[in-house]
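Atoms considered below: every heavy atom in the structure, side chains included; atoms not considered: hydrogens, waters and symmetry mates. All residue numbers in this chain count up from 1 along the given sequence. As the structure lists them, so they are numbered: ligands from 1, and atoms in each ligand from 1.
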Amino acid sequence: MQGSSFITLKKEALHNNIKFLKKKLGTHVRISSVVKANAYGHGIEQIVPLLENEGVDHFSVFDFTEGVRVQNSLKNNKGIMIMGWIADENIVETIKRGIEFYIFNIDRLRVALEAAIEIGIKAKIHLEVETGMNRSGLTIKELEEAISIIKNNPGIFEVKGFCTHLAGAESISNHVRIQKQLKTYHKLHRVLENSGVIPEYRHVANSAAAFVYPKSRLDMVRIGIMQYGFWSSTETFLRYTHRDKDPLQRILGWRSQIMSIKEVKKGEFVGYGISFLAQANIKTALIPVGYSGGYSRSLSNRGRVLINGQRCGIIGMVNMNMIIANVTELPDVKVDDDVVIIGMQGKREIKVSAFSDIAESLNYEILTHLPDNVERVVI
Ligand SMILES: *Cc1c(COP(=O)(O)O)cnc(C)c1O
């Protein structure tokens, strides 16, 4: 290990998750694998080839740079869809590369039109409609305008998809709003089809919607968090099954090692300031990971790591590059011993969710804060 920590990716767990998703979603529903935010912190360059091996043939990202990274990570040509940001000057390149992209307003459609005419290559577009999230998407008026632009410029656009995003399918409290959104979506879809423009894929569902609202699966689902082995929320999991056995497996682990060990006398403070006072003689281990490496400062005096198969509490403040763990109870502990920050060691496990409960944030947030420059190893 050259770096101070590394991330492990369990191939077998990904295989399990994709198999589960395919079985539950059915063969007629295409899975678009969402790998935005560096594949939810897992690493685009590592995860995309694994997904390709599992037979995934469509990928969703947020921006142009991620789209290019996905394309460069694939062995064979697959569908890639940019759901968000593309600078105007990158539209030509996006079309040349055959990457699909969202049309969420008329400006974007006009830029795409000009670019496609200029280079003489069809733009592969997904028309995103506004159905009640009020974030992005064409209103009914804009949809009608978009339709007339598409029809007045035959041979310029390939309408790959017609889509929207649901505002919080992972919580029952949004049920009424989601139902309204689905209704609006279908109404807008009729407007499109009546005009004679037939999209190849209708898609609205993320992980939560695909499981909580099976009718929302349509032709394609955009699955992010579940392929990495997490449910969108505890509620989503409980709605799926009340058995406590989780059919999903987490792919990601995060490990470091002990850099140094120290004895601290009763009555001494440990680390910066006075947040930790040794109540007895203790033994501490220094671990070379800190908030600059993705270990949240809010885990100061609260986080836990696994060393020698045991849980050890973090004492004192999380530093920029280091944390200190209490290893008083580990008689055989020594420098270079493995430290598990996320994942299994022996019978014990530190889950991302345990991590995120303490840090009061979502699995999504913890994962995507994992630094890009930490080595990823497929195991
Ligand atoms: C991130 C995202 C998804 C995937 O969401 P998950 O909850 O991770 O499955 C789907 N659609 C859009 C538009 C997204 O931005």
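Distance check: Ser33 OG to Ile223 CD1 gives 9.0 Å after rounding to the nearest 0.5 Å.
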If you look at each N/O of ligand 1, which protein N/O atoms lie under 3.5 Å away, and at what distance?
unit_1	atom_1	unit_2	atom_2	d
ligand 1	7 (O)	Tyr364	OH	2.7
ligand 1	8 (O)	Tyr40	OH	2.5
ligand 1	8 (O)	Ile225	N	2.8
ligand 1	9 (O)	Ser207	N	2.9
ligand 1	9 (O)	Ser207	OG	2.5
ligand 1	9 (O)	Gly224	N	2.9
ligand 1	11 (N)	Arg222	NE	2.8
ligand 1	11 (N)	Arg222	NH2	3.4
ligand 1	15 (O)	Lys36	NZ	2.6

Distance-only criterion, 3.5 Å: show the donor-acceptor pairs between side-chain atoms of residues 134-142 and protein atoms not counting sequence neighbours.
unit_1	atom_1	unit_2	atom_2	d
Ser136	OG	Glu128	OE1	3.1
Ser136	OG	Glu128	OE2	3.2
Thr139	OG1	Glu142	N	3.3
Thr139	OG1	Glu142	OE1	3.3
Glu142	OE1	Thr139	N	2.9

Side-chain donor-acceptor pairs of residues 40-49 under 3.5 Å, sequence neighbours excluded:
unit_1	atom_1	unit_2	atom_2	d
His42	ND1	Ala39	O	3.0
His42	ND1	Tyr40	O	3.0
Glu45	OE1	Arg69	NH2	2.9
Glu45	OE2	Arg69	NE	2.9

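Under the 30°/60° scheme for interplanar angles, the aromatic rings of Phe211 and Trp231 are found to stand perpendicular.
Aromatic pair Phe62/Trp85: centroids not less than 6.0 angstrom apart.
Here Arg376 pairs with nothing under the salt bridge (charged side-chain N to carboxylate O under 4.0 Å, His left out) rule; sequence neighbours left out.
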